[in-house]
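Sequence lines set the chain letters: A, B, ... in the order given, protein chains first and strands last, and positions in each chain run from 1. The basis for the numbers below is simple: all heavy atoms, side chains too, and nothing from hydrogens, waters or symmetry mates. None of these values were measured; they are calculated from a predicted model.
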2 protein chains.
Amino acid sequence: MKKKIIIIEDIAAIREGFVAALQSTGKYSVINAYDSCEAALVNLHTDEPDVVLMDIELPGMDGIEGTARIKKEFANCIVLIITVLEDSEKVFQSLCAGAGGYIVKNSNIENIDQTIDEALRGGAPMSLSIAKMVVESFRREPNSPLSERETEVLQAIASGKSYSKIAQEIFVSKETVRTHIKNIYRKLEVSSKAEALRIANKNKWVNY
Amino acid sequence: MKKKIIIIEDIAAIREGFVAALQSTGKYSVINAYDSCEAALVNLHTDEPDVVLMDIELPGMDGIEGTARIKKEFANCIVLIITVLEDSEKVFQSLCAGAGGYIVKNSNIENIDQTIDEALRGGAPMSLSIAKMVVESFRREPNSPLSERETEVLQAIASGKSYSKIAQEIFVSKETVRTHIKNIYRKLEVSSKAEALRIANKNKWVNY
DNA sequence: GCTGTATCCCCCAATTTGGGGGATTTTTAA
DNA sequence: TTAAAAATCCCCCAAATTGGGGGATACAGC
């Protein structure tokens, strides 16, 4: 039996292009094509798609939120992101939301077909440039105002450890950890763990 | 002026193969070749390499720790990991340690040359399979014992927020958050934030 | 000498945390 | 339909944590 596919893409020309391309292969059953996530979600339980081709930039609910909603209902449904701009933050977010891979917007029919095939076989189809983007987003930024020790302490804070626990692990007194924290707060101009982590994470001074 | 390269690889045949390959291009100045990180580190300040080719599996200090040590001393030095086995955990760790890219162990001369070139131009050379490995390591595992709400709460804990703060953000009372935490602890058989995060992170039930 | 880093100490008060006991409603699954 | 699970809220308690303030010493680099 043919795999059921739906398409969510707001630009009619692109949307219809995908529909035509998929139907021309004869391998898939294109159930529906929508111009918004909202529209797609109301029919989700009748469509029961195996694969969703999802644009990331959509009016109203964006493709990231849409991916999350669909995966919540149908965990086995594969959501492939149709993307043209390569914004590492959005690519990363959509991966976290459960995206199964990426289709470049101006792909030809064979390319799209191959991508869907790979996804159905359990792979994570994506271009090297997209994969690299995500990988590079985990590189530390070198211009941190925090010293090595401070970064180490903040890293430990990020994993939920208490000051005493951190002190034990890095073989210093609890007071030393507290001093480091105070200095971190002063440098980042914050006054709580959450704020410090938010700043440091945003600037990639700490890794998760 | 030629870029200065050192090689750290414990298997003599492979090490010498790389040396020969690099010298044959005439583009690089191979300063030294070592069979361990320890040996390389003592000469690091006299070698002053622009590029380090680093094996990941080494006796004594492994390539990940070695990469971290080198990047600590010379932040601008590019460390390229020579790898054959594709262990996603190690690949990810070496990226966090500051690796600039990957060279497949049985690469030919042109390939190695291209890889180094790309790294020097500021790219992150790596095979698609390696990039994918890292990307896939950020996918959530679906078999979490935690409910959606509990995952949400634990996620917030990971970002250093207090119970009260979390309560505000998800529009419930502090007591509700406390109940969720209690249930998380019961399910994971732990009794602290750090332990819960360790378990949930290891099993990819939460993303950093 | 000054600045930054790393280490340690004290005080204080508010907040947080973990553990124990409950409770209700809604949703989900058997 | 009935039971289990999830989500919500409440109380009590005591220990631990946290943030802010004030110090101190030592060691590096400029």
Is a donor on one side and an acceptor on the other found under 3.5 Å between the side chain of [X] and the backbone of [Y]?
X	Y	value
A:Y102	A:V91	yes
B:K187	B:P145	yes
A:Q155	A:V206	no
B:K71	B:A99	no
B:Y163	B:T176	no

Interatomic distance where [atom1] belongs to [X] and [atom2] belongs to [N] [whole Å]:
X	N	atom1	atom2	value
A:E148	C:dA6	CD	P	7 Å
B:E150	D:dA6	CD	P	6 Å
B:I166	D:dA7	CD1	C1'	16 Å
B:I184	D:dA6	CD1	C1'	12 Å
B:L146	D:dA5	CG	C1'	14 Å
B:E189	C:dG18	CD	P	17 Å
B:L188	C:dG18	CG	P	13 Å
B:L154	D:dA7	CG	C1'	17 Å

Counting any heavy atom closer than 4.0 Å, what does B:S173 reach on the DNA or RNA strands: base, sugar-phosphate only, or nothing?
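Sugar-phosphate contact only - B:S173 comes under 4.0 Å of backbone atoms but never of a base.
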Contact class for A:K165 (heavy atom, under 4.0 Å): base, sugar-phosphate, or nothing?
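Touches nothing.
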Can you see if the side chain of B:H180 gets near the phosphate of D:dA6 - specifically, an N or O under 4.0 Å from OP1 or OP2?
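For D:dA6, neither OP1 nor OP2 has a side-chain N or O of B:H180 closer than 4.0 Å.
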B/S/- contact track for nucleotides 18-30 of chain D, protein heavy atom under 4.0 Å:
SBBBB--------
Determine, for A:K27 against A:D117, whether the closest basic-nitrogen to carboxylate-oxygen distance falls under 4.0 angstrom.
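So A:K27 pairs with A:D117 through a salt bridge.
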Least distance between heavy atoms, B:A40 atom then B:I8 atom
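Looking at all heavy atoms of both residues, the closest pair is CB-CD1, 3.4 Å.
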